[in-house]
Protein chains: 2
Amino acid sequence: MIGNRMVSVKRKRDIIFRAIADPTRRRILALLRTRHQTVGEIASNFAMSRPAVSKHLRLLRSAHLVVSRRQGTTSRCSLNARPLRAVNDWLRDYEIFWTESLESLKSYVEKNR
Amino acid sequence: MIGNRMVSVKRKRDIIFRAIADPTRRRILALLRTRHQTVGEIASNFAMSRPAVSKHLRLLRSAHLVVSRRQGTTSRCSLNARPLRAVNDWLRDYEIFWTESLESLKSYVEKNR
DNA sequence: ACAATCGGAAACCATTTGGTTACGATGATT
DNA sequence: AATCATCGTAACCAAATGGTTTCCGATTGT
């Protein structure tokens, strides 16, 4: 039912927030912004071992932030940023709390110039 | 120097992303969006113990997402959403990846109607 | 002065996280 | 066919996380 869907949406959002919480995973996303890369290429950018990067990739894939297609022995990883819209939507509820301070500052400047 | 500042900015961002990663902490932020509340009031919304909520609040305070002023025996907690601008700024680098798909869909519709 | 309330800190515990090394499956190369 | 490269998974480990109960300090009210 709808209830189940709602829970699932919330769970998905939790997974996305967890996925982007780690700085290594955010670096991976940034890397894939320029071009798709294989797992080995991604791992070469980090001091940690390849399986460690592989684990991070698994988490990113579970959040659907990274999609990968096997191509021969390699695996082409590419960015899928659409799930980040959930984060964007979440932020919208808080945007007013920083824009309003800008607005009040602006009106202050307007009045006192 | 500038290098140190950069590191500190990155660390701050890490702390913010960690802070909002937990669903309980996001619920706390949502609660404080309506009005400032005491620690006890916040805790009453959760099934967990008050010290558990207190720990979450400590993390949120360390990210400067919650500020609290002691008032008598109680502690007034209020939302400070400004640090979330860092998340917003981070998202801007990915926005194109979901808007471009909307744009391409729009141009497709334009061409084929 | 004393009791009660509020909230933070400490000590403790189970689970999760983030890393390692070792191994195995699969596809390419020779 | 045999070997090599790539990548995922398993087993393991230390540290962090998220929760508990207990206790303590500060403030308020009687």
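In the text below, chain A, chain B and the rest are named by the order of the sequence lines, each starting its count at 1. Given the structure is predicted, the values throughout are model-derived calculations rather than measurements.
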**Prompt:** Which nucleotide span of DNA chain D, 5' end to 3' end, has atoms closer than 4.0 Å to non-hydrogen atoms of chain A?
**Reply:** dT6(D) to dT9(D)
**Complete:** V66(B) and C77(B) have their tightest heavy-atom pair at CG1-CB, 4.0 Å
**Nearest-nucleotide comparison on DNA chain C, the residue closer to the 5′ end among R25(A) and P51(A)** = R25(A)
**Test item: L32(A) and F97(B) side chains (from C-beta on) under 4.5 Å apart, heavy atoms** = no
**Message:** Just verifying a value: how many Å separate L31(B) CG and H36(B) NE2, rounded to the nearest 0.5 Å?
**Reply:** 14.0 Å
**Spacing of CD belonging to Q37(A) relative to OG belonging to S68(A), to within rounding of 0.5 Å** = 13.0 Å
**Prompt:** Does S62(B) use its side chain to pair, donor to acceptor, with the backbone of L59(B) at less than 3.5 Å?
**Reply:** yes
**Asked** Does anyone know the first and last nucleotide of DNA chain C in reach of chain A, 5' to 3', at under 4.0 angstrom to a heavy atom?
**Response** dT17(C) to dA28(C)
**Request:** Say whether N80(A) and R61(A), considering side chains only, have a donor N or O and an acceptor N or O under 3.5 Å apart.
**Result:** no
**Message:** Could you check whether any side-chain heavy atom of Q71(A) comes within less than 4.5 Å of a side-chain heavy atom of T74(A), counting everything from C-beta outward?
**Reply:** yes
**Prompt:** Can you tell me how far CD1 of I20(A) sits from CD1 of I20(B), rounded to the nearest 0.5 angstrom?
**Reply:** 5.5 Å
**Request:** Have a look at R50(A) and say if it touches a base, only the backbone sugar-phosphate, or nothing, with a 4.0 Å heavy-atom cut-off.
**Result:** base
**Prompt:** If we only count heavy atoms from C-beta on, is the N88(B) to W98(A) side-chain gap below 4.5 Å?
**Reply:** yes
**Prompt:** In residues 27-47 of chain B, which ones come under 4.0 Å of DNA chain C, going by heavy atoms?
**Reply:** T38(B), V39(B), G40(B)
**Asked** With a 4.0 Å cut-off on heavy atoms, is S75(B) in touch with a base, just the backbone sugar-phosphate, or nothing at all?
**Response** sugar-phosphate
**Message:** Both L59(B) and G72(B) contact DNA chain D. Taking the nearest nucleotide for each, which residue is further toward the 5' end?
**Reply:** L59(B)
**Request:** Find the distance between CG (L29(A)) and CG (L65(A)) and round it off to the nearest 0.5 Å.
**Result:** 5.5 Å
**Prompt:** Looking at DNA chain C, which of residues 61-69 of chain A put a heavy atom within less than 4.0 Å of it?
**Reply:** none
**Message:** Taking side chain to side chain donor-acceptor pair (under 3.5 Å) as the cut-off, I'd like each qualifying pair that reaches into residues 17-30 of chain A, sequence neighbours left out, listed once.
**Reply:** D22(A)-T24(A), R25(A)-H56(A), R26(A)-D14(B)
**Message:** Is it the case that the side chain of Y94(B) and the backbone of A30(A) share a donor-acceptor pair, with hydrogens and angles ignored and the cut-off at 3.5 Å?
**Reply:** yes
**Asked** Atom CD1 in I28(A), atom CG in L60(A): separation rounded to 0.5 Å?
**Response** 5.5 Å
**Main-chain N/O of E41(A) paired to N45(A) side chain as donor or acceptor, under 3.5 Å** = yes
**Request:** Check every strand shown and say whether S49(B) touches a base, only sugar-phosphate, or nothing at a heavy-atom separation below 4.0 Å.
**Result:** base
**Message:** Expected output check: what is the dot-bracket annotation of DNA chain C, where ( ) and [ ] are pairs inside the strand (brackets for crossing ones), | is paired with another strand, and pairs are Watson-Crick or G-U under 3.5 Å?
**Reply:** ||||||||||||||||||||||||||||||
**Request:** Could you grab the distance from atom CZ of R76(B) to atom CZ of R70(B), nearest 0.5 Å is fine?
**Result:** 12.5 Å
